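Computed from a predicted structure; not experimentally measured.
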Amino acid sequence: MKKLLFLLVALAAFANANAQLVVAEECAVKEGDITAFRLNDQQPIIIDGDTIPFALVRVGLAEPNVIFDSKWVLKQEFIDNEYWVYFMDGVKSVAIKSKRYAPLHYRFPEPLKAKSTYVLTIHKPEGDKYKGTLNISSNVKDAQVYVDGVKVSDGTPYSYMGEGGAHHIELRADGYASQQRDVEIRLGQTDNITINLFDTGALSVDGISYGVVPVEATSYSMGSDLNYYTQPRHTVSLIPFSVGTTLVNVDLWEKVMGSADDRIKGSNGQVVNVSYDEIQDFISALNQATGKEFRLPTEAEWEYIAKNASKLGISDMFTSMEWCADWFGRYNVSDNINPQGPEKGVLRVVRGGSEYTDGDPTYSDPTFRWRKQADTNSPKISFRLVSNK
């Protein structure tokens with residue numbers, strides 16, 4: 001019974017994801033339209049030195065990136081919200097393919113005739129089963145939600161049901177910089193997206209913001225008796241700096257670097273699986289684009305942040321391990337004013353856990369230290385930014 005239920009669910013999901021376009025008006029000659037006749041004379045299609053007579057089918061279809069697949073298609077264009085498809089004389093059928101729908105194999109009522117103009121109207125399927133759902137949440141509950149430029153809600157969380165495909169999502173709230181995302185709604189599927197807002201004036205790159213909070217000059221006791229590398233306890237003093245309220249997210253990485261493949265996308269939208277060296281390239285590009293001076297936190301800064309995350313308004317500490325700027329080595333207790341770590345080394349510091357043993361409370365201690373080669377990566381390691389300006 002369970003196997004049958006699973007099969008039925010799978011078949012339903014498959015049917016939703018493979019809905020088919022619908023022919024609204026059959027292909028027919030457009031009386032009085034001499035476009036094809038004129039184009040055959042003025043803009044002939046020549047292949048291997050031969051002029052090929054063609055029929056023109058003007059297809060009304062509000063769906064992007066459609067392919068009219070037939071060895072008899074000479075070319076296709078998108079003109080004035082129509083697909084113009086140029087067929088060889090005598091064609092009887094064509095496969096109409098799109099990214100979101102199953103191929104539509106269409107047979108013309110009669111073979112197409114060269115120098116004739118035809119019209120064909122195709123609609124997308126209707127009904128909720130041909131839509132998808134996007135659950136939108138944010139750290140600002142009264143944020144206004146806009147989808148494709150139209151306000152759909154005065155607060156979050158909000159569930160939006162819409163047609164499959166690309167949509168533009170924007171959140172706005174008084175006192176916050178607006179945030180925008182381009183998302184893909186999947187037919188028959190439910191996806192979740194979190195769009196956090198940050199105070200006006202936060203770092204923003206083409207509509208993607210990164211919130212930071214100031215940290216005043218302070219002194220605190222760094223280290224612990226946890227293990228050999230966390231000793232000794234010693235007092236360090238930090239100069240003022242600002243720290244990111246979140247891990248760097250994939251949207252910001254994509255804006256700065258131009259692309260973001262699936263390997264770097266963490267479960268909460270954070271960047272993962274990037275090396276220390278790759279992060280330096282990102283930071284360099286970010287600073288060049290914004291005129292800022294962001295960097296990775298030092299170990300001393302990171303440990304202070306971890307011990308005071310709630311007070312600073314940081315809620316994602318220990319959701320991923322994080323790269324730090326320092327080389328890994330034993331503490332130099334004489335280097336206690338804004339310490340930068342060893343001058344050279346082999347491994348870079350990683351904080352916030354271990355790659356190997358999960359569930360051990362030792363690894364969630366703010367003083368625990370880990371290390372990794374600068375040119376390697378891990379799906380468990382992310383990063384956040386700090387700045388002294």
Engineer: Quick check on K99: does its NZ atom have over 12 non-hydrogen neighbours (other residues, nucleotides or ligands) under 6.0 Å away?
Structural biologist: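 Incorrect, the count does not exceed 12.
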Engineer: Is it true that, when you exclude D261 itself, more than 12 heavy atoms of the residues, nucleotides or ligands shown sit nearer than 6.0 Å to its CG?
Structural biologist: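 Enclosed.
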Engineer: Is there a side-chain contact (heavy atoms from CB on, under 4.5 Å) between D206 and I208 once you walk through the steps?
Structural biologist: CA-CA 6 Å; D206 292 339; I208 304 299; 5.8 Å; no
Engineer: With rounding to the nearest 0.5 Å, note down the distance linking CG in N287 to CZ in F294.
Structural biologist: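 Answer rounded to 0.5 Å: 7.5 Å.
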Engineer: Report yes or no: is the cationic atom of R330 (NZ for Lys, CZ for Arg) under 6.0 Å from the centre of the six-membered ring of Y228, at an angle within 45° of the ring normal?
Structural biologist: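 Yes, a cation-pi geometry.
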Engineer: Taking it one step at a time, do Y220 and N308 satisfy side-chain contact (heavy atoms from CB on, under 4.5 Å)?
Structural biologist: CA-CA 11 Å; Y220 77 101; N308 295 275; over 6 Å; no
Engineer: Check whether any side-chain N or O of Y106 sits under 3.5 Å from a backbone N or O of C27 as a donor-acceptor pair, and report yes or no.
Structural biologist: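 Judged by distance alone, yes, a pair lies under 3.5 Å.
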Engineer: Before we go on, tell me: are the rings of Y356 and Y363 under 6.0 Å apart, centre to centre?
Structural biologist: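 No.
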Engineer: Whether the T194 and S137 side chains hold a donor-acceptor pair (N or O, under 3.5 Å, no angle test) is what I'd like checked.
Structural biologist: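 A donor-acceptor contact under 3.5 Å links the two side chains.
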Engineer: First locate atom CD1 of I67, then atom OG of S98, and finally report the distance between them rounded to the nearest 0.5 Å.
Structural biologist: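 That separation rounds to 10.0 Å.
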Engineer: Under 3.5 Å, is there a donor-acceptor pair between the Y158 and Q144 side chains?
Structural biologist: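 Result is no, nothing qualifies.
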Engineer: Okay, side chain of R384, backbone of G244: is any donor-acceptor separation there less than 3.5 Å?
Structural biologist: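 Yes.
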Engineer: Out of curiosity, E216 CD to T218 OG1, how far, rounded to the nearest 0.5 Å?
Structural biologist: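 E216 atom CD to T218 atom OG1 measures 9.5 Å (nearest 0.5 Å).
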Engineer: Indicate yes or no for a side-chain donor-acceptor contact from K124 to the backbone of A62 under 3.5 Å, with no hydrogens or angles considered.
Structural biologist: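 At least one qualifying donor-acceptor pair exists.
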Engineer: Donor-acceptor check, side chain of R371 to backbone of L347, threshold 3.5 angstrom: yes or no?
Structural biologist: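 Here the side-chain-to-backbone pair does not exist.
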Engineer: Does V386 belong to the same Ile/Leu/Val/Met/Phe/Trp/Tyr cluster as W327, with side-chain heavy atoms less than 4.5 Å apart forming each link?
Structural biologist: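 No: no chain of side-chain contacts under 4.5 Å links V386 to W327.
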Engineer: Would you say that more than 12 heavy atoms from the other residues, nucleotides or ligands in this model lie under 6.0 Å from the NZ of K307, or not?
Structural biologist: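 Yes, NZ of K307 has more than 12 neighbouring heavy atoms, counting only those of other groups under 6.0 Å.
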Engineer: Can you measure from CZ (F368) to CG (D360) and round to the nearest 0.5 angstrom?
Structural biologist: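 Going from the CZ atom of F368 to the CG atom of D360 covers 8.5 Å.
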Engineer: I want to check something: taking the side chain as every heavy atom from C-beta on, are E303 and V236 in contact at a cut-off of under 4.5 Å?
Structural biologist: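 Contact flag for E303/V236 side chains = no.
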Engineer: Give a yes or no on whether I381 and L247 share a hydrophobic cluster (residues Ile, Leu, Val, Met, Phe, Trp, Tyr; joining criterion: side-chain heavy atoms under 4.5 Å apart).
Structural biologist: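 Different hydrophobic clusters.
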Engineer: Checking T156 side chain against V140 main chain: does a donor-acceptor pair fall under 3.5 Å?
Structural biologist: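 Yes; judged by distance alone, with no hydrogens or angles, the pair exists.
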Engineer: Specify the closest pair of heavy atoms between G162 and I185, including all atoms of both residues, with the distance to one decimal.
Structural biologist: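 Closest pair (atom of G162, atom of I185, distance): O-CG2, 3.9 Å.
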Engineer: Give a yes or no answer on whether the side chain of R348 reaches the backbone of A325 with a donor-acceptor pair at less than 3.5 Å.
Structural biologist: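 Judged by distance alone, yes, a pair lies under 3.5 Å.
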Engineer: Do I45 and I34 share a hydrophobic cluster, counting only Ile, Leu, Val, Met, Phe, Trp and Tyr and linking them when any side-chain heavy atoms are less than 4.5 Å apart?
Structural biologist: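 Cluster IDs for I45 and I34 differ.
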Engineer: Would the number of heavy atoms belonging to other residues, nucleotides or ligands and lying under 6.0 Å from CD of Q288 be above 12?
Structural biologist: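 Open.
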Engineer: Is it the case that the side chains of H168 and D148 hold a donor-acceptor pair, with the cut-off being a distance below 3.5 Å and no angle test?
Structural biologist: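 No, because no side-chain N or O of D148 sits under 3.5 Å from a partner of the opposite role on H168.
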Engineer: Would you please test D365 and T230 for side-chain contact (heavy atoms from CB on, under 4.5 Å) and show each step?
Structural biologist: CA-CA 11 Å; D365 189 293; T230 64; over 6 Å; no
Engineer: Flag yes if more than 12 heavy atoms outside N65 fall under 6.0 Å of its CG atom; otherwise flag no.
Structural biologist: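 Atom CG in N65 is not packed in, count stays at 12 or less.
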Engineer: Show the nearest heavy-atom pair for residues V256 and A285, with the distance to one decimal.
Structural biologist: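 Of all heavy-atom pairs spanning V256 and A285, the closest is CG1-CB, 3.6 Å.
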Engineer: Do any pairs count as a ring pair (Phe, Tyr, Trp, His ring centres under 6.0 Å) and have a residue in residues 27-78, sequence neighbours left out, and if so which ones?
Structural biologist: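 Of all non-adjacent pairs touching residues 27-78, those that pass ring pair (Phe, Tyr, Trp, His ring centres under 6.0 Å) are F54-Y86, F68-Y83, F78-Y83.
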Engineer: Can you tell if the side chain of P339 reaches within under 4.5 Å of the side chain of T298, non-hydrogen atoms only?
Structural biologist: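 A side-chain contact under 4.5 Å is absent here.
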Engineer: What are the two closest non-hydrogen atoms of T245 and V213, and how far apart are they?
Structural biologist: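 Result for this residue pair: CG2-CG1, 3.3 Å.
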Engineer: May I ask you to check whether F108 and F87 place their ring centres under 6.0 Å from each other?
Structural biologist: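 Ring centres of F108 and F87 closer than 6.0 Å.
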Engineer: Test of understanding: clusters of I, L, V, M, F, W, Y form through side-chain heavy atoms closer than 4.5 Å, transitively. Do M222 and I239 belong to the same one?
Structural biologist: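 Result: no, two separate clusters.
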Engineer: As an exercise, state the distance from CG of D251 to CD1 of I195, rounded to the nearest 0.5 Å.
Structural biologist: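 With rounding to 0.5 Å, CG (D251) is 8.0 Å from CD1 (I195).
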Engineer: Keeping the roles fixed (side chain from K30, backbone from T117), state whether a donor-acceptor pair exists under 3.5 Å.
Structural biologist: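 It does not hold such a pair.
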Engineer: Is the closest basic N to carboxylate O distance between E82 and R58 below 4.0 Å?
Structural biologist: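 Salt bridge present between E82 and R58.
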Engineer: For residues S378 and K372, determine if any side-chain heavy atom of one lies less than 4.5 Å from a side-chain heavy atom of the other.
Structural biologist: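 The answer is yes, as the side chains (C-beta and beyond) meet within the 4.5 Å cut-off.
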Engineer: Among the clusters formed by ILVMFWY side chains lying less than 4.5 Å apart, do V85 and V91 turn up in the same one?
Structural biologist: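 The answer is yes; both residues are in one hydrophobic cluster.
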Engineer: With no hydrogens and no angle check, do the side chains of D33 and T35 hold a donor and an acceptor under 3.5 Å apart?
Structural biologist: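 Yes.
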Engineer: Please evaluate residues M88 and L74 with respect to the criterion side-chain contact (heavy atoms from CB on, under 4.5 Å), reporting the C-alpha separation (whole Å), side-chain torsions for both, the decisive distance (0.1 Å), and the verdict.
Structural biologist: CA-CA 7 Å; M88 294 179 66; L74 298 172; 3.5 Å; yes
Engineer: Would the distance check show the side chain of D48 and the main-chain N or O of D50 forming a donor-acceptor pair, the cut-off being under 3.5 Å?
Structural biologist: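 The answer is no, because no donor-acceptor pair under 3.5 Å joins these two groups.
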Engineer: Tell me if a side-chain donor or acceptor on E293 pairs with a main-chain N or O of N388 at a distance below 3.5 Å.
Structural biologist: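 No.
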Engineer: Is there a donor in the side chain of Q270 and an acceptor in the side chain of S382, or the other way round, less than 3.5 Å apart?
Structural biologist: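 Looking only at side-chain atoms, S382 and Q270 do not form any donor-acceptor pair under 3.5 Å.
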Engineer: Any heavy-atom pair between the side chains of I314 and I305 that's under 4.5 Å?
Structural biologist: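 Side chain of I305 against side chain of I314, heavy atoms only: contact under 4.5 Å found.
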Engineer: I want to check something: taking the side chain as every heavy atom from C-beta on, are K115 and D41 in contact at a cut-off of under 4.5 Å?
Structural biologist: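 Of all side-chain heavy-atom pairs linking D41 with K115, at least one is under 4.5 Å.
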Engineer: Under 6.0 Å from the six-membered ring centre of W370 and within 45° of its axis: does the NZ or CZ of R351 meet both?
Structural biologist: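 No - R351 does not lie over the ring of W370 by the 6.0 Å and 45° rule.
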Engineer: Would you tell me whether T367 and S224 have side-chain atoms, one donor and one acceptor, within less than 3.5 Å of each other?
Structural biologist: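 Looking only at side-chain atoms, S224 and T367 do form a donor-acceptor pair, the distance falling under 3.5 Å.
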Engineer: Taking all heavy atoms of S275 and all of A374, pick out the closest pair and write down the distance.
Structural biologist: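 Nearest heavy atoms, S275 then A374: CB-O, 3.3 Å.
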Engineer: Does a donor on one side chain sit under 3.5 Å from an acceptor on the other, for S159 and N135?
Structural biologist: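 There is such a pair between these side chains.
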Engineer: Is the closest side-chain heavy-atom distance between E301 and N338 below 4.5 Å?
Structural biologist: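 In contact.
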Engineer: Got V274 and W253 here, is their nearest side-chain heavy-atom distance under 4.5 Å?
Structural biologist: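 V274 reaches W253 side chain to side chain.
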Engineer: Hey, does N268 have a side-chain heavy atom less than 4.5 Å from the side chain of D316?
Structural biologist: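 No, their side chains stay 4.5 Å or more apart.
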Engineer: With a 3.5 Å distance limit and no angle check, can you tell me whether Y118 reaches the backbone of K113 through a side-chain donor-acceptor pair?
Structural biologist: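 Such a contact is found between Y118 side chain and K113 backbone.
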Engineer: Give the minimum heavy-atom separation between M161 and T133, together with the two atoms involved.
Structural biologist: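 In this case the closest contact between M161 and T133 is CE-OG1, 3.7 Å.
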Engineer: Which heavy atom of E254 sits nearest a heavy atom of A260, and at what distance?
Structural biologist: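 Smallest heavy-atom distance, with atoms named: CB-CB, 3.9 Å.
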Engineer: Could you point out which residue of F282, W302, W323 forms a ring pair (Phe, Tyr, Trp, His ring centres under 6.0 Å) with F383?
Structural biologist: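 The ring pair (Phe, Tyr, Trp, His ring centres under 6.0 Å) with F383 is passed solely by F282 among F282, W302, W323.
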Engineer: How many angstroms lie between CZ in R295 and CD1 in I279, if you round to the nearest 0.5 Å?
Structural biologist: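 Those atoms lie 14.0 Å apart.
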